Amino acid sequence: QVQLVESGGGLVQAGGSLRLSCTASGSIFSVNAMGWYRQAPGKQRELVATIINGRQTKYADSVKGRFTISRDNAKNNVYLQMNSLKPEDTAVYYCAASPEMILPNTPKFWGQGTQVTVSS
């Protein structure tokens with residue numbers, strides 16, 4: 001089993017920045033893909049960023065150019081640097097991991113989520 005714990009959420013003004021962190025523990029040898037999902041009230045869950053083996057990255061169009069995902073392989077941490085935040089970015093952000101080379105609709109491992117609120 002793999003456990004994921006997120007941190008770094010909070011309240012920020014539009015145009016500001018936050019850095020989310022996710023720490024993985026347990027049987028992490030099989031993890032290849034890690035990333036971040038978000039879900040806002042009344043909206044569909046959205047995959048915002050993925051990193052594969054600490055190298056390949058992919059972003060949702062809504063965050064491209066503003067968010068950056070990275071991974072510290074030695075510590076099994078994944079980060080999401082969020083710049084130029086907009087009120088539309090307000091959501092609960094979830095870290096996820098998978099033994100696959102992509103993040104599927106229902107990843108094998110999930111964190112508990114961290115709230116990000118962007119004020120206008």
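On a predicted model such as this, the values are computed, not experimentally measured, just so you know.
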Practice task
Grab the two heavy atoms, one from A91 and one from A40, that are nearest each other, plus how far apart they are.
Solution key: CB-N, 3.9 Å

Handout entry: Contact check, side chains of Y79 and T68, non-hydrogen atoms, under 4.5 Å
Key = no

Fill in the blank from the handout: Tightest non-hydrogen contact, residues P104 and P107, listed as O-CD, 3.4 Å

Handout entry: side chain to side chain contact (heavy atoms under 4.5 Å, CB included) evaluation trace for Q44 with Q39
Key = CA-CA 6 Å; Q44 197 169 0; Q39 187 157 27; 6.0 Å; no

Practice task
Answer yes if L47 and V92 sit in the same cluster of Ile, Leu, Val, Met, Phe, Trp and Tyr residues linked by side chain heavy atoms under 4.5 Å apart, and no otherwise.
Solution key: yes

Handout entry: Donor-acceptor contact present, side-chain E6 to main-chain G113, <3.5 Å
Key = yes

Taking distance alone, no hydrogens or angles, what donor-acceptor pairs closer than 3.5 Å link side-chain atoms of residues 54-64 to residues at least two apart or in another chain?
residue	atom	partner	partner atom	Å
Y59	OH	I69	N	2.9
D61	OD1	K64	NZ	3.2
S62	OG	R38	NH2	3.4
S62	OG	E46	OE2	2.8

Exercise for the section: Say whether, by atom type as modelled, one donor and one acceptor occur between the side chain of T114 and the main chain of G9 under 3.5 angstrom. Expected result: yes

Practice task
Considering non-hydrogen atoms only, spot the tightest contact between V116 and M82 and give its length.
Solution key: CG2-CE, 3.9 Å

Exercise for the section: Compare all side-chain heavy atoms of Y94 with those of Q112 and state whether any distance is below 4.5 angstrom. Expected result: no

Exercise for the section: Report, as yes or no, whether the 6.0 Å neighbourhood of atom CD on Q115 holds more than 12 heavy atoms from other residues, nucleotides or ligands. Expected result: yes

Exercise for the section: Of all the heavy-atom pairs spanning L103 and S98, show the shortest one and how long it is. Expected result: CD2-CB, 3.9 Å

Problem - Side-chain heavy-atom pair M101, N53 within 4.5 angstrom cut-off - result: yes

Problem - Student check: side-chain heavy atoms of C95 and V78 closer than 4.5 Å - result: yes

Handout entry: Min side-chain heavy-atom separation M34-C22 under 4.5 Å
Key = yes

For residues 12-21, which side-chain donor-acceptor pairs fall under 3.5 Å, sequence neighbours excluded?
residue	atom	partner	partner atom	Å
S17	OG	N83	OD1	2.9
R19	NH1	Q81	OE1	3.2

Problem - Pairwise ring-ring contact (aromatic ring centres under 6.0 Å, His included) hits with a residue in residues 2-21, at least two apart - result: none

Problem - Point-to-point distance, once rounded to the nearest 0.5 Å, from OG of S119 to CG of L85 - result: 10.0 Å

Practice task
For the residue pair N32 and E100, establish whether any side-chain heavy-atom pair is separated by less than 4.5 Å.
Solution key: no

Exercise for the section: Look at the aromatic rings of Y93 and F67 and report parallel, tilted or perpendicular, splitting at 30° and 60°. Expected result: tilted

Completion exercise
Taken to the nearest 0.5 Å, the spacing of T50 OG1 from Y37 OH works out to 6.5 Å

Handout entry: ILVMFWY cluster, L80 and V31 together (side-chain gap under 4.5 Å)
Key = yes

